[in-house]
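Have a look at the structure below, then the notes.
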Amino acid sequence: MIINKEHTRSLLDLLQKPLSVILVNINTTTLGILDIILYKVQKALLQSDVHSKSDKSPVTVADYGSQVLVSFALEKELPAMAFSLVAEEDSGDLRKEEGKETLQRITELVNDTLASDGTYDVSPLTEENVLRAIDNGKSEGGSHGRHWVLDPIDGTKGFVRGDQYAIALGLLDEGKVVLGVLACPNLPLGSVNSKDPNDKVGCLFSAQIGGGTYMQSLDGSAPVKVHVSATENPEEASFFESYEAAHSSHDLSSSIAKKLGVKAPPVRIDSQAKYGALSRGDGAIYLRFPHKGYREKIWDHAAGYSVVTEAGGVVSDAGGNPLDFSKGRYLDLDTGIIVTNQKLMPSLLKAVKESLSENASAL
Ligand SMILES: Nc1ncnc2c1ncn2[C@@H]1O[C@H](COP(=O)(O)O)[C@@H](OP(=O)(O)O)[C@H]1O
Ligand SMILES: [Mg+2]
Ligand SMILES: [Mg+2]
Ligand SMILES: [Mg+2]
């Protein structure tokens with residue numbers, strides 16, 4: 001397995017801009033701390049430091065380490081605010097006998113990182129501190145107050161494979177997503193469809209409610225405003241879906257695309273990088289149809305929803321209802337998630353409805 005250099009970029013560095021939008025003072029040195037942990041984690045991954053959660057999905061030291069450091073830094077930087085974090089990972093497996101070594105490894109990495117960075121003058125975190133930082137993410141969210149929503153690594157399968165992944169942070173205010181930051185370290189700056197291996201990669205998308213969506217390179221170019229594709233013609237539209245067929249029915253999306261008249265083959269990539277790419281018009285449609293019984297989590301969509309919506313796109317469930325982030329850790333929705341521009345949405349909804357009634361067994 002080859003994990004390339006982009007995996008080592010600083011997570012908090014990626015988050016700096018939008019945090020500054022809401023006037024949170026996280027300084028740049030602090031933001032550098034995750035560089036080192038990801039570099040080390042990358043090496044650990046080569047030693048197959050990938051574990052399986054109770055739902056059989058993978059988690060790596062990188063996922064935990066990212067959650068510890070984002071949680072730690074947010075708590076440090078937001079002392080005056082009531083700090084509530086809804087995040088993907090929990091400490092359950094790390095508290096078991098079998099999780100001991102992984103916990104040790106995370107603690108070691110976090111402490112090495114904090115020490116070599118030096119921004120926070122703190123004594124080394126104990127394993128208990130690490131567990132507590134992870135468990136900061138236990139908030140239930142909901143319709144009152146402010147809640148940060150974190151996916152420390154979205155697209156873990158892509159991360160492990162060396163493909164696309166994202167670090168996704170959103171902010172809920174009274175149940176609405178008001179801020180979204182999506183760092184996509186492996187996404188080419190020009191287009192997801194770029195075939196040139198020398199193209200620069202690493203994109204940061206950020207959106208604030210009412211303020212549009214901006215993209216910049218991860219090494220700090222000036223942000224440019226981005227918009228979703230304006231196409232009204234499905235024949236010109238290409239569509240995104242999960243790389244993993246287990247996450248979204250490829251059969252159903254293929255039937256929808258056919259009905260709609262989409263000519264291009266699907267673009268299959270991991271993570272919310274799909275939302276980022278769509279927000280700048282790389283493709284015009286994103287279809288997500290998890291298999292029966294799967295419940296979508298808010299951290300898998302909050303940042304991406306904000307980035308696409310502020311770029312002029314529409315995100316809804318398969319019934320055309322807007323996504324509701326105010327219900328807690330899960331999104332309660334009808335069947336799937338579809339994303340496109342305002343012009344294409346009515347015909348997309350029609351195609352989805354017809355395909356669902358003809359291919360109910362595809363889910
Ligand atoms: N059976 C399933 N159906 C749909 N989504 C699933 C799934 N199992 C895991 N996922 C979610 O799909 C996300 C990745 O989406 P994508 O397929 O677009 O890359 C995962 O995020 P994590 O990698 O953060 O766990 C996980 O939350
Ligand atoms: Mg996961
Ligand atoms: Mg995720
Ligand atoms: Mg994740």
Side-chain angles (χ1 to χ4, degrees), residues 2-7 9 14 151 153-168 180-207 213-219 221 223-231 233-245 247-248 250 253-254 256-257 260 262-288 300-301 303-315 337-341 344 348:
I2 296 165
I3 306 278
N4 72 28
K5 229 178 157 194
E6 274 63 41
H7 288 131
R9 288 178 196 280
L14 317 178
D151 195 332
I153 292 193
D154 181 42
T156 303
K157 288 180 181 171
F159 179 78
V160 170
R161 223 189 294 112
D163 287 341
Q164 296 298 331
Y165 69 98
I167 299 102
V181 193
L182 206 51
C184 308
N186 273 343
L187 189 66
L189 268 170
S191 160
V192 71
N193 305 312
S194 167
K195 298 272 182 294
D196 181 354
N198 296 319
D199 274 2
K200 211 170 146 191
V201 295
C203 305
L204 172 65
F205 299 89
S206 55
T213 298
Y214 290 82
M215 185 192 76
Q216 63 196 112
S217 85
L218 283 180
D219 51 20
S221 65
V224 290
K225 202 161 190 175
V226 293
H227 300 278
V228 295
S229 158
T231 189
N233 181 1
E235 289 193 13
E236 287 172 3
S238 65
F239 76 96
F240 292 104
E241 65 182 338
S242 287
Y243 179 96
E244 300 284 341
H247 294 180
S248 182
H250 289 174
S253 56
S254 138
I256 294 165
L260 204 56
V262 172
K263 292 243 180 326
V267 178
R268 293 178 175 153
I269 59 171
D270 301 276
S271 85
Q272 290 173 67
K274 292 186 277 296
Y275 282 107
L278 198 133
S279 77
R280 64 178 185 194
D282 285 2
I285 299 164
Y286 169 19
L287 301 173
R288 185 179 189 87
D300 278 323
H301 300 283
Y305 167 90
S306 159
V307 162
V308 159
T309 308
E310 286 301 320
V314 192
V315 183
I337 294 179
I338 58 177
V339 187
T340 188
N341 64 28
L344 281 174
L348 176 57

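- Ala303 approaches Ala168 most closely through the heavy-atom pair CB-CB, 3.9 Å.
- For the pair Gly276 and Val307, the tightest heavy-atom approach, listed with the atom from each and the gap, is CA-CG1, 4.3 Å.
- Between Val201 and Pro185, the closest heavy-atom pair is CG2-O, 3.7 Å.
- Going from atom OH of Tyr305 over to atom CD of Gln272 covers 13.5 Å, rounded to the nearest 0.5 Å.
- Taking CZ of Phe205 as the start and CD of Gln216 as the end, the distance is 10.5 Å to the nearest 0.5 Å.
- Looking at residues two or more places apart in sequence or on another chain, you find a salt bridge (Lys or Arg N to Asp or Glu O under 4.0 Å) between Glu244 and Arg161.
- A distance-only check finds no donor-acceptor pair linking the side chain of Ser206 to the backbone of Val181 [under 3.5 Å].
- A donor-acceptor distance shorter than 3.5 angstrom exists from the side chain of Arg280 to the backbone of Leu189, with no hydrogens or angles considered.
- A distance-only check finds no donor-acceptor pair linking the side chain of Asp270 to the backbone of Tyr243 [under 3.5 Å].
- With sequence neighbours excluded, no residue satisfies side-chain hydrogen bond (donor to acceptor under 3.5 Å, both in side chains) with Thr213.
- For the residue pair Ala230 and Asn341, the shortest heavy atom distance occurs at C-ND2, 3.7 Å.
- Side-chain atoms of Tyr165 and Asn186, non-hydrogen and from C-beta on, do get closer than 4.5 Å to each other.
- The distance from atom CD1 of Ile269 to atom CG of Asp282, rounded to the nearest 0.5 Å, is 8.0 Å.
- Residues Ile338 and Ile285 fail the side-chain proximity criterion, which asks for heavy atoms closer than 4.5 Å.
- Remark: Lys225 pairs with no residue by the salt bridge (Lys or Arg N to Asp or Glu O under 4.0 Å) rule, at least two apart or across chains.
- For Asp154, there are no salt bridge (Lys or Arg N to Asp or Glu O under 4.0 Å) partners, not counting sequence neighbours.
- The minimum heavy-atom distance between Gly180 and Ser306, with the atom names listed, is N-OG, 3.2 Å.
- Annotation: side chain of Leu182 is not in contact with side chain of Cys203 (no heavy-atom distance under 4.5 Å).
- Contact annotation: the side chain of Ile337 approaches that of Val315 to within less than 4.5 Å [non-hydrogen atoms, C-beta and beyond].
- Under the rule for a ring-ring contact (aromatic ring centres under 6.0 Å, His included), Phe239 has no partner lying at least two apart in sequence or in another chain.
- Two residues are said to be in side-chain contact when any heavy atoms from C-beta on lie closer than 4.5 Å; Leu287 and Leu348 meet this criterion.
- Applying the salt bridge (Lys or Arg N to Asp or Glu O under 4.0 Å) rule to Glu310 yields no partners; only residues at least two apart in sequence or on another chain are considered.
- Note: Asn233 CG to Leu260 CG = 9.5 Å, rounded to the nearest 0.5 Å.
- Using a 4.5 Å heavy-atom threshold, the side chains of Leu278 and Val228 count as touching.
- Between Ala237 and Ala264 the shortest heavy-atom distance is O-CB, 4.3 Å.
- In this model, a donor atom of one side chain and an acceptor atom of the other lie less than 3.5 Å apart for Ser253 and Glu241.
- Applying the side chain to side chain contact (heavy atoms under 4.5 Å, CB included) test between Lys274 and each of Ser279, Cys184, Ser242 identifies Ser242 as the sole match.
- Counting heavy atoms from C-beta on, the side chains of Lys200 and Ser217 come closer than 4.5 Å.
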